[in-house]
**Student:** 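Before anything else, here's the structure in question.
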Amino acid sequence: AQLMGDHSIARYLAATTLAATNEFQRAQIEQWMDLALLYVADEAPFLALLEGALASTTYLGGTDSFSLADAAVAGAFQTYSVVPDAATMPNIARWYAMCSTEPVLAAAANLLASAGKGGKGAAAGPGGDDGASCPDLEGAVEGEVVTRFPPEPSGYLHIGHAKAVLLNEYYARRYKGKLLLRFDDTNPDKEKGEFEDNIRADLAALGVKPDIQSHSSDHFEKCQQLARKMIKDNLAFMDDSDKATIKQEREDRVNSKHHDQPVETAMDLFEKMLKGEADEWCLRAKIDMTSDNGTLRDPVLYRANSTPHHKTGTKYKAYPTYDFVCPIVDSIEGVTHALRTTEYNDRDAQYAWLQEAMGLRKVIVHAFSRLNFVYTLLSKRKLQWFVDKGIVPGWDDPRFPTVQGIVRRGVSFSALRKFIYMQGASRNVVLQEWDKFWAINKDEYDPVSPRFMGIAQKNAAKLTVTNIDNDGCAASAKVVDVHPGNPEMGKRPLRLGPSVLLEAEDAATCEVGDKIILLMWGVHEITKKNADGSLESTYLPDASVKKLKKKFNWVLDDGHLVHTDFKEYGDLITKPKLDPDDNFEDFLKPIDETFAKMPAFCEPGTRSLKYGDVIQLVRRGFFRVDKPYGGSEASPLELVLIPDGKKTAMSTLSTALATNELAAGRGSGGCGRQAPGCACVARCAVVELERGSQPQSAIEAGRGARGDGARAAAFSSD
């Protein structure tokens, strides 16, 4: 037996080798381990809690020496490259400096540094280091490993599929083997060529290049031969019981009335079913109806279906089930290791039994946990419901967890790979928070995204710069860095002139005599404030920017503004994780709380942006171009705000879309204060923490932090 996952191993050590001196101390240690897992290390509520805790103690967890609590929290600081500021966080800075001298933390820092140019928390990928989170494959031989990714072409790939294919690719490249892409096209009722084409496009976008491509339908003749063999060997029978009866008999562990039918009868009925002459019959395996494993209670192997197949047309009238075709095709196509999510664990015994019964080469099964996120539906059936009902326009909607949807919302494929490799092939099932992923995603964009400026159209305030005349021209220009922190990205022109537009709330803070900084331009002194909110200023080219607090984004109002729509997308459901008995339709968020659009003006430099470009709008955040500028207000530039993983919106502007402000119960997206046990109780705890009141315990704060970060639960309707 293996124990995998950093926190699982840490908890084991906490309970054994590094045991606490008493139960309360152990609880404190586990509390900080929980918080390190729940929070991104630079989140304000977490830092406030940590600073307060360290004010009266040298180490975390109530111990007199370095413990796993310190290791977990300091390790989170290392992972996200957070360096505490001694001026604002003296207790954390003192503690972190002390922790950094511990050998285990120093070794971890060296390991992170050796990850190379990949960025914060870089994880190994194909062709690189093996990766601590991806254990060796049992019996793997270099040059002989073959893995496979077998999607059903009944929908678009989602982020869970991305984990599966990237792990399969990882192991194929790690062992210098082959990756097989096989379309599991065994159910013509759901499958379409459109989905198959989009799966190929999504894999190409992910950078995945399979070595071999095939279809399960390529092997239907072989499946029929092996089904006949099972009938001849008295290992399968034909059954015309209805679905309800089969279900009840399996629950009661009672054999079907046809279980002991003669081989000749079963064979005759099977051949008729293949010809479309026995639609009410199906083929079932004879395994063990008394087994505690429900998948071994005589599963269905073949069923009639007259729907035309998108690839083979009307050639076949009956189709093998996935449970039947998978062990067959894996074996005959040379797969050495079948990577399956842990939800298939019970089916592993069935998989092995079928290969044994048919005399096929055995395939090693390697299980890994499914990738699940809070407030996220991964069921293709449920996603199809949203499309069919017109709630979303298509499978690429940014509210969807499909590969195409998350790309439109601003996911970087390099960040996605990094995140998935960090999760690795562990069997531990964890409900992931989006905020940690978005934090990694932001790190990918930050060093390479051009900087521009834009303001909200609503109530934009006019600023007239009285000592700029541009020799009678509407505007002049200066040269600025495309990215102030990356000179290799070059320079660009920035238009200057006497007529400037500011955010209305920025202008409202100005008084005569104030000195302000117009970002990328320089210092201006306010000389007049009019009743309508407009301002006048004098440009001070030689003034120092030191100690000036007011730094404003702006655009030049010279007839060349780019009409823009800022768009933001949120979650479709209100419950973090649906229970098996939940009807997802009972937890739908009102549609106006899942999407918002804000008219804006951007500077002329954004005219040339192309679809998919990612930029940062100063003081507003990162955006992905969803539609290039069409040249007029009727065809605006459309920018999708990319979440950044913070508990509060990146922008301090109240006119910005309400990224997370209302998610915690401060508006229509939440409940305010509720009784214990309500769906919003976790959100309430983090609200109080952010407001400055102390929760009863750090555990309460940790519960409040879970998932509150990247969820946009309510939006501005402007």
**Student:** Please assess Leu157 against Leu203 for the test side chain to side chain contact (heavy atoms under 4.5 Å, CB included), listing each intermediate value before the final yes or no.
**Tutor:** CA-CA 9 Å; Leu157 294 187; Leu203 293 180; 3.8 Å; yes
**Student:** Check the orientation of Trp395 and Phe400. Use parallel for under 30°, tilted for 30 to 60°, and perpendicular for over 60°.
**Tutor:** perpendicular
**Student:** Quick one: list whatever passes side-chain hydrogen bond (donor to acceptor under 3.5 Å, both in side chains) with Lys515, sequence neighbours left out.
**Tutor:**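 Checked Lys515 against side-chain hydrogen bond (donor to acceptor under 3.5 Å, both in side chains); zero matches.
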**Student:** May I ask you to test the Leu639-Leu617 pair for a side-chain heavy-atom distance under 4.5 Å?
**Tutor:** yes
**Student:** Determine yes or no for a side-chain-to-main-chain donor-acceptor pair under 3.5 angstrom, with Asn168 supplying the side chain and Ala164 the backbone.
**Tutor:**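 Looks like yes, one N/O pair under 3.5 Å.
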**Student:** Could you tell me whether Lys382 atom NZ has more than 12 heavy atoms of other residues or ligands within 6.0 Å of it?
**Tutor:** yes
**Student:** Any salt bridge linking Glu638 with Arg624? Criterion: basic side-chain nitrogen under 4.0 Å from a carboxylate oxygen.
**Tutor:** no
**Student:** For Val500 and Val555: C-alpha separation, side-chain torsions, deciding distance, then whether side chain to side chain contact (heavy atoms under 4.5 Å, CB included) applies.
**Tutor:** CA-CA 6 Å; Val500 170; Val555 292; over 6 Å; no
**Student:** Working to the nearest 0.5 Å, report the span between CD1 of Ile615 and OH of Tyr445.
**Tutor:** 12.5 Å
**Student:** Are side-chain heavy atoms of Ile455 and Leu502 found at a separation under 4.5 Å?
**Tutor:**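 Side chain of Ile455 against side chain of Leu502, heavy atoms only: no contact under 4.5 Å found.
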**Student:** Just checking, any donor-acceptor pair under 3.5 angstrom between side chains of Ser449 and Gln616?
**Tutor:**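 Per modelled atom types, Ser449 and Gln616 side chains form no pair under 3.5 Å.
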**Student:** With a 4.5 Å limit on heavy-atom distance, are the side chains of Pro636 and Thr564 in contact?
**Tutor:**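 Side-chain contact under 4.5 Å: no.
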**Student:** How long is the span from the CG atom in Asn553 to the CZ atom in Phe452, to the nearest 0.5 Å?
**Tutor:**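 Asn553 atom CG to Phe452 atom CZ measures 14.5 Å (nearest 0.5 Å).
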**Student:** Checking salt bridge (charged side-chain N to carboxylate O under 4.0 Å, His left out) for the pair Asp446/Arg451: CA distance, chi angles, key distance, verdict?
**Tutor:** CA-CA 10 Å; Asp446 197 17; Arg451 270 46 172 177; 2.7 Å; yes
**Student:** Do Asp565 and Leu637 touch side chain to side chain, with heavy atoms closer than 4.5 Å?
**Tutor:** no
**Student:** Going by heavy atoms in the side chains, are Tyr156 and Leu383 under 4.5 Å from each other?
**Tutor:** no
**Student:** For Ser534, give me all partners under side-chain hydrogen bond (donor to acceptor under 3.5 Å, both in side chains), at least two apart in sequence or on another chain.
**Tutor:** Asn530, Asp532
**Student:** Tell me if a side-chain donor or acceptor on Lys577 pairs with a main-chain N or O of Asn372 at a distance below 3.5 Å.
**Tutor:** no
**Student:** Applying side chain to side chain contact (heavy atoms under 4.5 Å, CB included), can you list everything that pairs with Gln457, at least two apart in sequence or on another chain?
**Tutor:**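 Once residues adjacent in sequence are excluded, the partners of Gln457 under the side chain to side chain contact (heavy atoms under 4.5 Å, CB included) criterion are His563, Pro599, Phe601.
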**Student:** Once rounded to the nearest 0.5 Å, what's the spacing between atom CH2 of Trp434 and atom CG of Asp571?
**Tutor:**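 So the CH2 of Trp434 and the CG of Asp571 are separated by 9.0 Å.
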**Student:** Is the backbone N or O of Val448 less than 3.5 Å from a side-chain atom of Asn486, with the two atoms forming a donor-acceptor pair by type?
**Tutor:** no
**Student:** Please give me the minimum heavy-atom distance between Glu433 and Phe373, naming the atom from each residue.
**Tutor:** O-CE2, 3.8 Å
**Student:** Validate the cation-pi geometry between Arg619 and Phe552: distance from NZ or CZ to the six-membered ring centre under 6.0 Å, angle to the ring axis within 45°.
**Tutor:** no
**Student:** Residues in side chain to side chain contact (heavy atoms under 4.5 Å, CB included) with Ser608, at least two apart?
**Tutor:**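 Ser608 satisfies side chain to side chain contact (heavy atoms under 4.5 Å, CB included) with no other residue.
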**Student:** Using modelled atom types only, decide if a donor and an acceptor are shared between the side chain of Asn441 and the backbone of Gly410 within a distance under 3.5 Å.
**Tutor:**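 A pair under 3.5 Å: yes.
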**Student:** Decide yes or no for Tyr611 and Arg408: does some side-chain heavy atom of the first lie under 4.5 Å from some side-chain heavy atom of the second?
**Tutor:** yes
**Student:** How close do Lys380 and Gly155 get, heavy atom to heavy atom, and via which atoms?
**Tutor:** CD-CA, 4.0 Å
**Student:** If you take all heavy atoms of Trp554 and Leu496, which pair is closest and at what distance?
**Tutor:** CH2-CD2, 3.8 Å
**Student:** Taking all non-hydrogen atoms of both residues, which atom of Arg417 and which atom of Leu206 are closest, and how far apart?
**Tutor:**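 Taking Arg417 first and Leu206 second, the nearest heavy atoms are NH2-O, 3.1 Å.
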**Student:** Side chain to side chain contact (heavy atoms under 4.5 Å, CB included), that's the test. Do Gln432 and Val374 meet it? Break it down for me.
**Tutor:** CA-CA 6 Å; Gln432 298 287 346; Val374 292; over 6 Å; no
**Student:** Sequence neighbours excluded, which residues qualify as side-chain hydrogen bond (donor to acceptor under 3.5 Å, both in side chains) partners of Lys550?
**Tutor:**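 Residues passing side-chain hydrogen bond (donor to acceptor under 3.5 Å, both in side chains) with Lys550: Asp514.
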**Student:** Can any side-chain N or O of Thr509 pair as donor or acceptor with the backbone N or O of Asp506 at less than 3.5 Å?
**Tutor:** yes
**Student:** Can Leu371 and Phe419 be said to form a side chain to side chain contact (heavy atoms under 4.5 Å, CB included), step by step?
**Tutor:** CA-CA 11 Å; Leu371 184 59; Phe419 180 80; 4.1 Å; yes
**Student:** Indicate yes or no: does Arg495 engage Glu603 in a salt bridge with an N to O separation below 4.0 Å.
**Tutor:**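 So Arg495 does not pair with Glu603 through a salt bridge.
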**Student:** Has Asp481 got a side-chain atom pairing as donor or acceptor with His483's backbone, closer than 3.5 angstrom?
**Tutor:** no
**Student:** Provide the full list of side-chain hydrogen bond (donor to acceptor under 3.5 Å, both in side chains) pairs with a residue in residues 397-406, sequence neighbours left out, each pair given once.
**Tutor:**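 Checked against side-chain hydrogen bond (donor to acceptor under 3.5 Å, both in side chains) - neighbours excluded - the pairs reaching residues 397-406 are Asn198-Gln404, Asp202-Gln404, Asp397-Arg399, Arg399-Thr594.
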**Student:** Is Val640 close to Tyr569 at the side-chain level, that is, under 4.5 Å between some pair of heavy atoms?
**Tutor:**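 Yes, close enough: below the 4.5 Å cut-off.
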**Student:** Is the shortest side-chain heavy-atom distance between Lys567 and Phe595 below 4.5 Å?
**Tutor:** yes
**Student:** What distance do Tyr375 atom OH and Thr574 atom OG1 have between them, rounded to the nearest 0.5 Å?
**Tutor:**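 Atom-to-atom, Tyr375:OH and Thr574:OG1 are 7.5 Å apart.
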**Student:** Would you name the heavy atoms of Leu416 and Ala162 that are closest together and state the gap between them?
**Tutor:**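 Looks like CD2-CB, 4.1 Å.
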**Student:** Rounded to the nearest 0.5 Å, what's the gap from SG on Cys602 to CZ on Arg607? Could you check?
**Tutor:** 11.5 Å
**Student:** Closest heavy-atom contact between Ile516 and Cys510?
**Tutor:** CG2-SG, 4.0 Å
**Student:** Nearest 0.5 Å, please: how far is CG in Asp626 from CG in Asp396?
**Tutor:**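 With rounding to 0.5 Å, CG (Asp396) is 8.5 Å from CG (Asp626).
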